[in-house]
Amino acid sequence: MFEFKVRPNAFVDYLLKKTNLKNDQQLANYFDIFPAVISKIRNHRMTVSANMILLVHEKLGVPVAEVRELINESERQKNETEKWYDTKR
């Protein structure tokens with residue numbers, strides 16, 4: 001058994017918490033985007049676009065600089081996860 005503390009999907013989780021929504025489908029509806037976009041961002045198959053950054057800023061009032069920092073933190077956590085996984089092979 002291992003402890004897994006890194007959350008590579010921290011950005012999407014932050015948005016869920018900030019909006020008090022329960023799942024990615026509700027989040028997609030809130031931002032009026034396709035659910036696949038949220039899924040791809042969560043799973044790091046798509047970067048967060050400038051339009052998405054502006055949506056978060058406009059709908060939630062989060063400063064653009066803070067949104068970018070959240071995205072960067074999520075990427076750092078993803079990289080840490082990959083490094084941890086590589087060392088366990």
Would you mind reporting whether Met52 and Leu15 have side-chain heavy atoms less than 4.5 Å apart?
-> yes

Scanning both residues in full, the closest heavy-atom pair of Leu60 with Thr19 reads CD2-CG2, 3.5 Å

Pairwise distance NZ(Lys17) to CG(Asp13) - rounded to 0.5 angstrom = 10.0 Å

Report yes if some heavy atom in the side chain of Leu27 is under 4.5 Å from a heavy atom in the side chain of Ile33; otherwise report no.
-> no

Distance from Phe11 atom CZ to Glu69 atom CD, nearest 0.5 Å?
-> 12.0 Å

Applying side chain to side chain contact (heavy atoms under 4.5 Å, CB included), run through Tyr30 and Leu55 and close with a yes or a no.
-> CA-CA 10 Å; Tyr30 180 84; Leu55 272 175; over 6 Å; no

Heavy-atom pair with the smallest gap, counting every atom of Ala10 and Ser74 | N-OG, 3.7 Å

Hey, is the main chain of Val62 close enough, under 3.5 Å, to the side chain of Glu66 for a donor-acceptor pair?
-> no

Passes side chain to side chain contact (heavy atoms under 4.5 Å, CB included), Lys59 versus Leu54? Steps please.
-> CA-CA 8 Å; Lys59 289 213 169 223; Leu54 289 175; over 6 Å; no

In Å, rounded to the nearest 0.5 Å, how long is the span from CG of Leu70 to OH of Tyr14?
-> 5.5 Å

Test log, rule side chain to side chain contact (heavy atoms under 4.5 Å, CB included), inputs Lys18 and Val56 = CA-CA 10 Å; Lys18 187 84 171 160; Val56 172; over 6 Å; no

Side-chain contact test, heavy atoms from C-beta onward, threshold under 4.5 Å: evaluate it for Leu16 versus Lys22 and give yes or no.
-> no

Give a yes or no on whether the backbone of Pro35 and the side-chain of Ser39 come within a donor-acceptor separation of less than 3.5 Å.
-> no

Test side chain to side chain contact (heavy atoms under 4.5 Å, CB included) applied to Thr47 and Glu75, step by step | CA-CA 10 Å; Thr47 59; Glu75 283 299 312; 5.9 Å; no

Atom CD1 of Ile38 and atom CE of Met46: how far apart are they, to the nearest 0.5 Å?
-> 8.5 Å

Report yes if the side chains of Asn43 and Asn9 come closer than 4.5 Å at any heavy-atom pair, otherwise no.
-> no

Does Asn23 use its side chain to pair, donor to acceptor, with the backbone of Gln26 at less than 3.5 Å?
-> yes

Which distance, rounded to the nearest 0.5 Å, do you find between the CG of Leu21 and the CD of Gln25?
-> 11.0 Å

